[in-house]
Amino acid sequence: MELDSRPTPLLHARLPEVASTLPFHRLGAAPTPVRPLHGLTDAAAPVWLKDESGYGDGGWGGNKVRKLEWLLPEAVRTGRRTLLTVGGIGTNWGLAAALYGRDLGLHTVLALIDQPVDEHVRAQLARLQASGAEIHRTHTKLRTVLAAPVLYAKHWRPGAAPYYLPAGGSSPLGALGYAEAGLEIAAQVRAGILPEPSHVVTAIGSGGTAAGLILGLRLAGLRTRVFGVVVNDTLRLDAPALLGLAGRTAALLRERGAVFDAPAITADDLEITRDWLGPGYGHPIPAAAEAAAAAEDREGLALEPVYTAKALAALLARNAESGFGAGPVLFLNTNGPR
């Protein structure tokens, strides 16, 4: 199957030697818009928005789509027919993989663990069931780990083993999606439509978005730090793990032929908070509900309770304490409902 790789991604433009070894398939319109959030700026640092919600030309959008732009072409290139991945029963990631994989002729198998059920999760589970994916309710992380080899063997075919996608697409290959976005932010800064942020604030659900941003921002020469809000207690999401993923993503570029001076990536590039996780993944917290209501009322911005509302709650609280200095702060809205 021939994949459309136009327009050229910024990573290919910057590192043309990987254009043939790291295939890319455009799934959305770039760049995504940026704008100030005046209605949410009543503290020390101005708040800006990079709105990823519209990214994706298929049945779901947001940050997961950028990861699939690198992962799906690799699956096609290596002759795979089936995607195997995991998530919660309300997974945005699993839905995006199923929908965009289907468009490329790939069947998706999902192993789903339980999470608190609310209106958002019920609606997402209905979308998953309508996506054509093969769904297995494995309920717990342990049962998912035990089921994965069975599902892999069930869908193995000679010359076409299932292509395993880690939770959230957070592998070195998937993280290229947000290395690309980091370069995009830098291009918007250079174009004068966005002041250079002191921080980019994003939820951390599996780590690939934050890790890719760190690498992309440093490749672009920006000084912007990533402020990550951990929303998942089922994975290791500390600074060493995320910085390690950023380093492995840089190493992947080199392995595929890129010639560049690797940017120094240190603990100073990333700050992580777990203060907004609440009881665990998918559990609502009052501060997040308040932040989502403020975003909707003042800026017409639709957030969801699992990731983006918690990230905005953390941003607003930190900014109220002047924790971002003079800023400006860039909020990454990764929610992408359709």
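Note that this is a predicted model, so its numbers are computed, not measured.
Linking ILVMFWY side-chain heavy atoms closer than 4.5 Å, directly or via other members, places Tyr178 and Tyr55 in a single hydrophobic cluster. A chain of hydrophobic side-chain contacts below 4.5 Å, direct or via other Ile, Leu, Val, Met, Phe, Trp or Tyr residues, connects Leu270 to Leu332. Hydrophobic clustering (ILVMFWY, side-chain heavy atoms < 4.5 Å, transitive): Val306 and Leu95 are in distinct clusters. Leu245 and Leu252 fall into different hydrophobic clusters, where Ile, Leu, Val, Met, Phe, Trp and Tyr residues are linked whenever their side-chain heavy atoms come under 4.5 Å apart, directly or through other members. The hydrophobic clustering, which links ILVMFWY residues whose side-chain heavy atoms are closer than 4.5 Å, places Leu213 and Val229 apart.
Atom CG in Leu222 sits 10.5 Å away from atom CG in Leu219 (nearest 0.5 Å). In this structure, CG on Leu22 lies 6.5 Å from CG on Leu253, to the nearest 0.5 angstrom. In this structure, OG1 in Thr266 is found 4.0 Å from CG in Asp268, a value given to the nearest 0.5 Å. The CG atom of Leu72 sits 8.5 Å away from the OH atom of Tyr163 when rounded to the nearest 0.5 Å. Separation of atoms NZ (Lys67) and CG (Leu173) is listed at 11.5 Å; rounding is to 0.5 Å. Rounding to the nearest 0.5 Å places CZ of Phe324 at 4.5 Å from CZ of Phe227.
Residues Thr224 and Ile185 form no side-chain contact, since every pair of their non-hydrogen atoms from C-beta on lies 4.5 Å or further apart. Proximity of Val76 to Leu106: side-chain heavy atoms (C-beta onward) are separated by under 4.5 Å at one or more points. Glu299 has its side chain within reach of Leu40: a pair of non-hydrogen atoms, C-beta onward, lies under 4.5 Å apart. With a 4.5 Å cut-off on side-chain heavy atoms, Trp70 and Pro23 do not count as touching. In this structure, Val18 and Leu11 have side chains that are not in contact, with every pair of non-hydrogen atoms separated by 4.5 Å or more. Looking at heavy atoms from C-beta onward, Leu83 lies out of side-chain contact with Pro162 at the 4.5 angstrom threshold.
Remark: side-chain polar atoms of Ser170 are paired, donor with acceptor, to backbone N or O of Gly208 under 3.5 angstrom. In this structure, the side chain of Thr85 does not engage the main chain of Leu110 through any donor-acceptor pair within 3.5 Å. In this structure, the side chain of Arg80 does not engage the main chain of Ala75 through any donor-acceptor pair within 3.5 Å.
Side chains of Ser53 and Asn335: a donor-acceptor N/O pair is absent below 3.5 angstrom, by distance only. Looking at Glu52 and Thr334, their side chains never bring a donor and an acceptor atom within 3.5 Å of each other.
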I'd like a table of donor-acceptor pairs (distance under 3.5 Å, sequence neighbours excluded) in which one partner is a side-chain atom from residues 190-205, with atom names and distances.
unit_1: Glu196; atom_1: OE2; unit_2: Arg223; atom_2: N; d: 2.9
unit_1: Ser198; atom_1: OG; unit_2: Pro328; atom_2: O; d: 3.3

Could you pull out all donor-acceptor pairs under 3.5 Å where a side-chain atom in residues 272-293 meets a protein atom, sequence neighbours excluded?
unit_1: Thr273; atom_1: OG1; unit_2: Asp275; atom_2: N; d: 3.1
unit_1: Tyr281; atom_1: OH; unit_2: Tyr307; atom_2: OH; d: 2.8

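Partners of Asp114 by side-chain contact (heavy atoms from CB on, under 4.5 Å), not counting sequence neighbours, listed by chain and number: Ile89, Arg137, His139. For Ala220, the side-chain contact (heavy atoms from CB on, under 4.5 Å) partners are Leu183, Ala186, not counting sequence neighbours.
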side-chain contact (heavy atoms from CB on, under 4.5 Å) between Thr82 and Thr108, worked out: CA-CA 6 Å; Thr82 302; Thr108 298; over 6 Å; no

Derivation of the salt bridge (Lys or Arg N to Asp or Glu O under 4.0 Å) call for Lys154 and Glu134: CA-CA 12 Å; Lys154 175 184 175 183; Glu134 179 181 319; 3.0 Å; yes

Full working for side-chain contact (heavy atoms from CB on, under 4.5 Å) between Leu49 and Leu330: CA-CA 5 Å; Leu49 168 71; Leu330 183 63; 5.7 Å; no

Working for side chain to side chain donor-acceptor pair (under 3.5 Å), residues Thr32 and Asp51: CA-CA 6 Å; Thr32 55; Asp51 195 354; over 6 Å; no

side-chain contact (heavy atoms from CB on, under 4.5 Å) between Leu112 and His136, worked out: CA-CA 6 Å; Leu112 303 182; His136 297 267; over 6 Å; no

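Note on residues 237-252: pairs passing side-chain hydrogen bond (donor to acceptor under 3.5 Å, both in side chains), not counting sequence neighbours, are Arg236-Asp238. Within the structure, side-chain hydrogen bond (donor to acceptor under 3.5 Å, both in side chains) pairs that include any residue of residues 250-260 comprise Glu74-Arg256 (at least two apart or interchain). Screening residues 318-330 for side-chain hydrogen bond (donor to acceptor under 3.5 Å, both in side chains) gives Glu271-Arg318 as the qualifying pairs, with residues at least two apart or on separate chains. Note on residues 124-133: pairs passing side-chain hydrogen bond (donor to acceptor under 3.5 Å, both in side chains), not counting sequence neighbours, are Asn92-Gln124, Gln124-Arg127. Sequence neighbours left out, the pairs with a member in residues 209-220 that pass salt bridge (Lys or Arg N to Asp or Glu O under 4.0 Å) are Arg218-Asp269.
Checking each of Asn333, Thr308, Thr209 against Asn63 for a side-chain hydrogen bond (donor to acceptor under 3.5 Å, both in side chains) leaves exactly one that passes, namely Thr209.
Contact detail for Gln188 and Pro31: the closest heavy-atom pair is NE2-CB, 3.7 Å. Closest approach of Ala267 and Arg225 over heavy atoms only: O-NH2, 4.4 Å. What you find for Pro46 and Thr41 is that their closest heavy atoms are CA-CG2, 3.4 Å. The two residues Arg26 and Ala30 have their closest heavy-atom pair at NH1-CB, 3.6 Å. For Ala97 against Leu165, the heavy-atom pair with the smallest separation is CB-CD1, 4.4 Å. Contact between Ala96 and Trp60 at its shortest, heavy atoms only, is CB-CD1, 4.3 Å.
Two rings, from Trp48 and Phe331, have their centers 6.0 Å or more apart.
Through side-chain heavy atoms spaced under 4.5 Å, either directly or across other Ile, Leu, Val, Met, Phe, Trp or Tyr residues, Leu146 is tied to Leu142. By the 4.5 Å side-chain criterion applied to Ile, Leu, Val, Met, Phe, Trp and Tyr, Tyr152 is assigned to a cluster that also includes Leu84, Val86, Val109, Leu151, Trp156, Tyr164. Cluster partners of Ile113, using a side-chain heavy-atom cutoff of under 4.5 Å among ILVMFWY residues and allowing indirect links: none.
No salt bridge links Glu69 with Lys64; every basic N to acidic carboxylate O contact stays at or beyond 4.0 Å. Glu184 has a carboxylate O that lies under 4.0 Å from a charged side-chain N of Arg66, or vice versa, which qualifies the two as a salt bridge.
A tilted orientation is assigned to the rings of His107 and His155, their planes being inclined by 30° to 60°.
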